[in-house]
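All figures in this text were calculated on a predicted structure; none of them were measured in a lab. In what follows, chains are A, B, ... by sequence order, proteins preceding strands, each numbered from 1.
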Number of protein chains: 2
Amino acid sequence: MANSTIALDELDRRILRALQQDGRIAITLLAEQVGLSATPCLRRIRRMEEAGIIARYTAVLDPARVGLPIQAFVQVALSSHAEEVATAFHKALASRGEVIAAYAMSGGMDYMLHVVAADFEAYADFALKALLRMPGVKETRSSFVLMALKPPGAIPL
Amino acid sequence: MANSTIALDELDRRILRALQQDGRIAITLLAEQVGLSATPCLRRIRRMEEAGIIARYTAVLDPARVGLPIQAFVQVALSSHAEEVATAFHKALASRGEVIAAYAMSGGMDYMLHVVAADFEAYADFALKALLRMPGVKETRSSFVLMALKPPGAIPL
DNA sequence: CCTGAAATTGCCGCTAA
DNA sequence: TTAGCGGCAATTTCAGG
């Protein structure tokens, strides 16, 4: 996972589209779909993995079906933007599995979190006992997901 | 992808953890890791795929490395909650690749969108020319991602 | 445990700077 | 001529029965 900026041609983009659609597709099949033989196809995939274009492969789970039907987005403001406060906060976030995504944001609130929970009680525990007590947290604002219209999105290529 | 609610035992959870970590792991290796032989391991995987617990497999791309370095979360309020307005809005969202995730939300704003773009100009085009003209859109509020702390998250099991 | 299929590697040929 | 890319074929490993 290096960081070189590599140019992608149409073949690469086709490969990425196919792999986003089905991350376990057989290389042989993929190669056929994009109009290559397996060898150069695999070579391109490896190159994009090395370059960090393909970050990883994953199984996408349905949170509701694994017992985590509650999803929320939480905006968080910190009371201080000192680096050590931010670092401590990041560390606290990292240790919490229910935070499935976290972003530092521009604008009024400093962070956006995507959180899953088994039920409202578990969510409340997280929000009140964990999140609000994390280092530097000044204010939080939770909104719950009622319905996922586009659950896991592919990146347009 | 049925919808039966199936109980997961510790073995299933281990399988899911491994598949979230590496969606292309070989069944043989996975089986060894979780302490099963390949055949029953594969059976469990198929069962969870059928049940929709495993929704799909995907390659996770780094948006910045495929030319989409701008990410934003956009909250959207509709002027009407009539079903036909909402449906038209959902349809408009679906046709926009830069919207990589969309959720109907509780609370003040009706929707939360996760959007990627090649640059601010492209983002502005989306926000001003596409989103604001979608059916029923009353108000939008964009916040930009400065840094992804937990980019693509796994669901805790 | 066995058989067919897939992944992976080495090697060769083609094409363009 | 050399660097880069694609294809073929052989080998090893995997999937699925």
Legend entry - Sequence-aligned protein contact record of nucleotides 4-17 of chain D, with B where the base is within under 4.0 Å of a protein heavy atom and S where only the sugar-phosphate is: --BBBB----SSSB
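The side-chain heavy atoms of A:Asp119 and A:Tyr123, taken from C-beta on, include no pair separated by under 4.5 Å.
Under a 4.5 Å side-chain heavy-atom criterion applied to ILVMFWY residues, the cluster that includes A:Tyr103 comprises A:Phe73, A:Met105, A:Met112, A:Val145, B:Phe73, B:Tyr103, B:Met105, B:Met112, B:Val145 as well.
Salt bridge B:Arg47/B:Glu50: absent, no basic N to carboxylate O contact under 4.0 Å. Salt bridge A:Asp9/A:Arg44: present, at least one basic N to carboxylate O contact under 4.0 Å. Of the charged side-chain nitrogens involved, none lies within less than 4.0 Å of a carboxylate oxygen, so that B:Arg17 and B:Asp22 do not count as a salt-bridged pair.
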